[in-house]
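Chain naming here is simple, since letters A, B, ... match the order of the sequence lines and numbering starts at 1 in each.
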Amino acid sequence: MTTEHAAPGEYTPAEMMIIATARQVRDGESTIVGMGPPLLSAALAKYHHAPNMWYCTESGPLDYVPTSRDLSAPLGIADHSLTEGAALSGDMVDALGAFVNGGWAQSAVLQAAQIDRFGNLNTMLAGTFEDPTRRLPGTGGNADIGASVQRVISTMPLETRRFRERADFRTTAGYIDGPGGRAEAGLAPQGPNRCATTMCVFGFDTPDGGLTGSCEMVLDQIFPGVSLEEVQAVVPWDLKVSPDLGYMDPPRTEELELLRHLDDGGNHLRPGRY
Amino acid sequence: MTTEHAAPGEYTPAEMMIIATARQVRDGESTIVGMGPPLLSAALAKYHHAPNMWYCTESGPLDYVPTSRDLSAPLGIADHSLTEGAALSGDMVDALGAFVNGGWAQSAVLQAAQIDRFGNLNTMLAGTFEDPTRRLPGTGGNADIGASVQRVISTMPLETRRFRERADFRTTAGYIDGPGGRAEAGLAPQGPNRCATTMCVFGFDTPDGGLTGSCEMVLDQIFPGVSLEEVQAVVPWDLKVSPDLGYMDPPRTEELELLRHLDDGGNHLRPGRY
Amino acid sequence: MTAREAVERFVSDGDTIYSGFNIISFALTNEIIRQGVKGLKAVAGSVTPNVTIMSIDGNVDRIETGYLSGTLRSKPFQEMMRDGRVKWNDYTNMTITLRLMAGGLGMPFICANSFLGTDYLLPETMNHSRSLQEDRRREDGSVAPPYAVINSPFDGRKALLYPALKPDVAIVHCQRADEEGNVQVWGPQADTKWGLWSSKNVLVTAEEIVPRSVISTEPHFTIAPGFKVSAVIHEPWGAHPGGLNGYYRADRSWYELTGAGMTTWESAREYLDEWVYGTEDHSEYISRYKKRFGEELLNSLRVKEFMGPEQPARYGWR
Amino acid sequence: MTAREAVERFVSDGDTIYSGFNIISFALTNEIIRQGVKGLKAVAGSVTPNVTIMSIDGNVDRIETGYLSGTLRSKPFQEMMRDGRVKWNDYTNMTITLRLMAGGLGMPFICANSFLGTDYLLPETMNHSRSLQEDRRREDGSVAPPYAVINSPFDGRKALLYPALKPDVAIVHCQRADEEGNVQVWGPQADTKWGLWSSKNVLVTAEEIVPRSVISTEPHFTIAPGFKVSAVIHEPWGAHPGGLNGYYRADRSWYELTGAGMTTWESAREYLDEWVYGTEDHSEYISRYKKRFGEELLNSLRVKEFMGPEQPARYGWR
């Protein structure tokens, strides 16, 4: 494996976010992949280091294995190319019901508009319910997935409007109000696991699968050229920092090339989008 | 259409029962067909006078349209030949769930071990629950079907052990204890509609779809060579008789020939079985 | 039957209409707009731009969905969602699909964990001022909740119930159907099957009408049998500008070329006037496309590479 | 993996086992008997003669099903059902299938009207002396009901709930699978799909092992994906004496020829000794068949006429 890395300025923060998200995807895992950057991140992971991850989307295709002649990531979760090489072509009951809610999705890659201190996601609205500053598309499958999947990887740019002490609206259960929150709500204890952004990757303080620990987001890895203070300046609460805080490697040249190929001229990463 | 009829002694009571059952099946209706004599009766109806009935069974095949070169009735509700010419090959959720429980089966043909005054069926046991004289196979799909289908045709030999004032065990809801019984139980008012036997055909006193009337079984048609008294001697309660009591035509020659062909040497009507 | 006859006969003001997440009949969408049907409630796992289009003139004024897919780029639609001209309650992709399944299976409600621990369970969410409270009003005047938590009678644990959905009418485009109305679909199916089974009337546009024997030799592709289907209309390109697996790709330039994105009231108006009210039917719509943008552009959408079975499964029983 | 290894690894005493209404793996059934697994609970829409066979030596001693299909001709089985050596609660074809579906979908329970107005709702039926009360005992010592009526929180009407079923292990025979465990089935499917999705471990015997590309070019036939499947074993004639759509018909003379009908204790013993304990594995079982009855009789079961697609559906997206 080459270890040639891209130099600063040769990639965008959005590209680093996708690459950092892809790096959270493990080979051999069955993964439910959400709309937007997750489709691209998971495709990158599959081609780059996780050829045996089971790439599944909620409209029904399970285990998408694209042929290499058409290296572009699916545009949506019902993109017809998802049937390419798939092991199973079913419907939403199969994908979100049997696969996700039935407990067979080992991980998930999701985007959201907001995340909060305890990993709750928001894809519903900004502002208040009666007077939203912006109505968002809604939860899609995020709420379904967050309720059932034990290793949720979320991805979004690191921005103060997105990182909230409490999400404006909790669309998708993280650890809710902290330890014991999920159990009290009637959910299995383990919730979100990682959040990859444009500046860093967060983990969660859940040493025991959500049963103990503060269940708060914890800064885990910082990207090249980003300082701890810069991250802390964005996050509006007293951010926990991992005692093993690390620095993430910049994109490898091959990751970056592959990503750009998969994005096929900006399908996902149109300038100004992230 | 030929009107040539078989003479007395040229057919068995069991054959007459199958033919009488088939005559209750209407062209153009979507019908759920149960194990045993119903499979044969419905096949006879489809070939004889109801080419456009939708012949469906609970294991998943909907709208079985057999090719004429292999004129034998399916042996079981999951007989692989049911896929022959079918419009849809699905599973039990499709057949009993969507088709039957969803309200799209206009009629049903069912066998049972017992029927009672109010049309409740029993396929569970003879005797009492704690000390059965005979354990029967259970309800299969009968209870599912009886709860949802608005025109249930049952079929069984006319015998005192089968016709009970109250079924030994009510596996399948008819009109339960009489008028209003179904509504009180939480079911739609219309329940069983016909019962075809070896001696006669019964209807039900439900002038208004189960909302009014006594909801009792009513003798409707008697078979050739059978007297009213003979029927009354078998039925252990004070049997209502239709003011329009009729006599059913004997089997037409073509019905009988077709039936024997479909039964393929006694698949269903082995001597001594009914 | 033509699309016009089907909509005249089977779509009424105030109906609940299922138009899915995938394989959308734009042919029927446009006909509903042409006929000026009003006050529809749109339900689907995700609603798509055809629902935005139907909202501009009030064909659709209520929505129950999990996701507004590609609809929010429309300022008019955003405006109507905010000021209450369009009313809505939110669910999820799965829970709407399960609600349709429950409707299709004759169940009153169905379980799903999806909203446990979220703000969807707050009373102010369930009954916000633009929500569908009126649709949930019971005979005694009280308002049924959009979902409800109970304790399981089996293990006492919390269970979240969602009520069944039974639309009045479903519209869908499919790859092929026969004269009896047997509908076949392949590719990602999302909520389609249960959208069709749960609806009282099912209106289908089909890319191809095929003999029954084509259906019967691949009966596993049938998602709705003939007795479940009210009308089948032969409508080539019936999903355009959406795509159809095995036939054509989505027309991604369409929304910008024509204003179908409804981004402003003006562009929405222009689009509707030219492409919907300005065409008699889908066949004229496609003719106009060819005239305006050239047949080549349309043909460039056609699928050129196919995937057929490597070792076809064969049925056999004798 | 061999059937022996799969049963050793994935089937334990006391497990709940799904073996379906249709496409039964007699190969795995026989291996379970050979290994003397005890105290299994069999669940399926309908249980079939393979469950009778597994009941004789106590491999199966509990049953939850809708129908005893072809099993009651066995006097030993009848006797054990009566004297409590086999315990049981009855459901229906649909409600067991829906309970498996609920298990597969992660729901605690599911609705169905089926038992409204019947004697199944009598307390003496639910908890009769040979019923599975012990399996339903809660931590606090009380016994959960096998199904329960509640009032709907939406419209107040009666709703009958059935608890989810989540078997420990499922056994099934299929037409074809690949090395990754993707399982394909066609023909009447009854409860199979949800039997597989609801079970923790899925053991599959396959008539053919095919390359992934065969699976991927007809992905609509896959009823369980590889990550859901614990073991796939290549086992030609693995459904014998049952049939397999597209491969062979059921062997209707088998039960009388060999005593597999278990009509008496003696014939049951003889059958087990010769055909199960007396064979090492399914391959030896088939060899013995050929020796005893001739290869021609076996071959006469093979399907000779096939139904292939008249106009094969083709996927395509570019």
Donor-acceptor pairs under 3.5 angstrom involving side-chain atoms of residues 6-15 of chain D: please list them, not counting sequence neighbours.
from	atom 1	to	atom 2	distance (Å)
D/Asp13	OD1	D/Lys38	N	2.9
D/Asp15	OD2	D/Ser12	N	2.9

Tell me, yes or no, whether the heavy-atom count around [X] atom [atom1], taken from other residues, nucleotides or ligands under 6.0 Å, exceeds 12.
X	atom1	answer
A/Arg135	CZ	yes
A/Glu130	CD	yes
D/Glu5	CD	yes

With only heavy atoms counted, which part of A/Trp104 is less than 4.5 Å from chain D, the side chain, the backbone, both or neither?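 Contact with chain D involves both backbone and side-chain atoms of A/Trp104.
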Go through the atoms of A/Val93 and report whether side chain, backbone, both or neither lie under 4.5 Å from a heavy atom of chain D.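 It is both, since atoms from each part get that close.
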Closest contact, heavy atoms only, D/Ile215 versus A/Ala87: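 Closest approach of D/Ile215 to A/Ala87: CG2-O, 3.6 Å.
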For the student: nearest non-hydrogen atoms of A/His80 and D/Trp317, plus distance: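 Taking A/His80 first and D/Trp317 second, the nearest heavy atoms are O-CE3, 3.5 Å.
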Interface residue of largest heavy-atom contact number with chain A, from D/Gly106, D/Ser216, D/Pro219, under 4.5 Å: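 Highest number of pairs under 4.5 Å: D/Pro219.
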Best-contacting candidate, A/Ser30, A/Gly97, A/Ala86, A/Gly28, against chain D by heavy atom pairs under 4.5 angstrom: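 Looking at each option in turn, the highest pair count goes to A/Ala86.
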Among A/Leu88, A/Asn101, A/Val100, which residue forms the greatest number of heavy-atom pairs with chain D at distances under 4.5 Å?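 That would be A/Leu88.
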Part of D/Phe227 within contact of chain A (heavy atom distance under 4.5 Å): both
Is any side-chain heavy atom of A/Asp63 closer than 4.5 Å to one of D/Pro225?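 Side chain of D/Pro225 against side chain of A/Asp63, heavy atoms only: no contact under 4.5 Å found.
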